[in-house]
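Here the structure is a predicted model, which is why all the values come from computation and not from measurement.
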Amino acid sequence: SFPPPSHNNKKNEMVNIPKIRNTFCKGKKCQKHTPHKVSQYKVGKASLYAQGKRRYDRKQQGFGGQTKPVFHKKAKTTKKITLRLECTKCKAKFFLPIKRTKHFELGQEKKKKGDVLF
């Protein structure tokens, strides 16, 4: 008689993270809470010389069409956001994955109810 649990009730909310965040620094020099610069992690360009890419290109050569499976059954509509934190004192960098969300922004002013957009 209870309603079914709604798992994606938080997905549509805007996630707003400050550009500077006070958090624990894992660097050898600090080992304490310090201010960190926050940026969004982006995947780098794939190398042509990585072992998997070399193996795949070799296998694809010649006749015989596509040799490995191509993934089509995409189920997720969001990606997990990963933050890149850089200590302002010792410049140590580390990553912090946060929840899935469709809307993500860094360091914007908080929107209040009734505000007019110009």
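- No more than 12 heavy atoms of other residues, nucleotides or ligands shown are found within 6.0 angstrom of NZ on Lys29.
- When the shell of 6.0 Å around NZ of Lys91 is examined, it contains more than 12 heavy atoms from other residues, nucleotides or ligands.
- Of all non-hydrogen atoms in Lys80 and Ile98, the two that sit nearest each other are CB-O, 3.9 Å.
- Inter-residue side-chain proximity for Thr88 and Lys37 is flagged as met; some heavy-atom pair is nearer than 4.5 Å.
- Note that CG of Leu83 and CZ of Arg21 are 6.5 Å apart. Values are rounded to the nearest 0.5 Å.
- Between Thr34 and Phe24, the closest side-chain pair of non-hydrogen atoms is not below 4.5 Å.
- A pairwise comparison of heavy atoms in Lys89 and Cys30 identifies CB-SG, 4.0 Å as the closest pair.
- Here NZ of Lys32 is found 9.0 Å from SG of Cys87. Values are rounded to the nearest 0.5 Å.
- Under the 4.5 Å side-chain criterion, counting only non-hydrogen atoms from C-beta, Val15 is not in contact with Glu105.
- Across all non-hydrogen atoms, the minimal contact from Lys26 to Gln31 is O-NE2, 3.2 Å.
- Using a 4.5 Å cut-off on side-chain heavy atoms (C-beta onward), Phe94 and His36 make contact.
- Annotation for Ala92 and Gly27: closest pair CB-CA, 4.1 Å, computed over non-hydrogen atoms.
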Can you list, pair by pair, the side-chain donor-acceptor contacts under 3.5 Å of residues 56-65, counting residues two or more places apart and other chains?
residue	atom	partner	partner atom	Å
Tyr56	OH	Gln66	NE2	3.1
Asp57	OD1	Lys53	NZ	3.0
Arg58	NH1	Gln61	OE1	2.8
Gln60	OE1	Thr67	N	3.0
Gln60	OE1	Thr67	OG1	2.6
Gln60	NE2	Gln66	OE1	3.3

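- Annotation: side chain of Ser39 is not in contact with side chain of Glu86 (no heavy-atom distance under 4.5 Å).
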Practice prompt. Test side-chain contact (heavy atoms from CB on, under 4.5 Å) on Ile81 and Lys99 and set out the steps.
Written response: CA-CA 6 Å; Ile81 305 294; Lys99 65 183 182 180; over 6 Å; no
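- Across every non-hydrogen atom of Lys19 and Leu106, the tightest pair is CE-O, 3.8 Å.
- Shortest non-hydrogen contact noted between Thr78 and Arg100 is O-NH1, 2.9 Å.
- Val38 pairs in a side-chain contact (heavy atoms from CB on, under 4.5 Å) with only one of the listed residues (Leu96, Leu85, Ile20, Thr23), which is Leu85.
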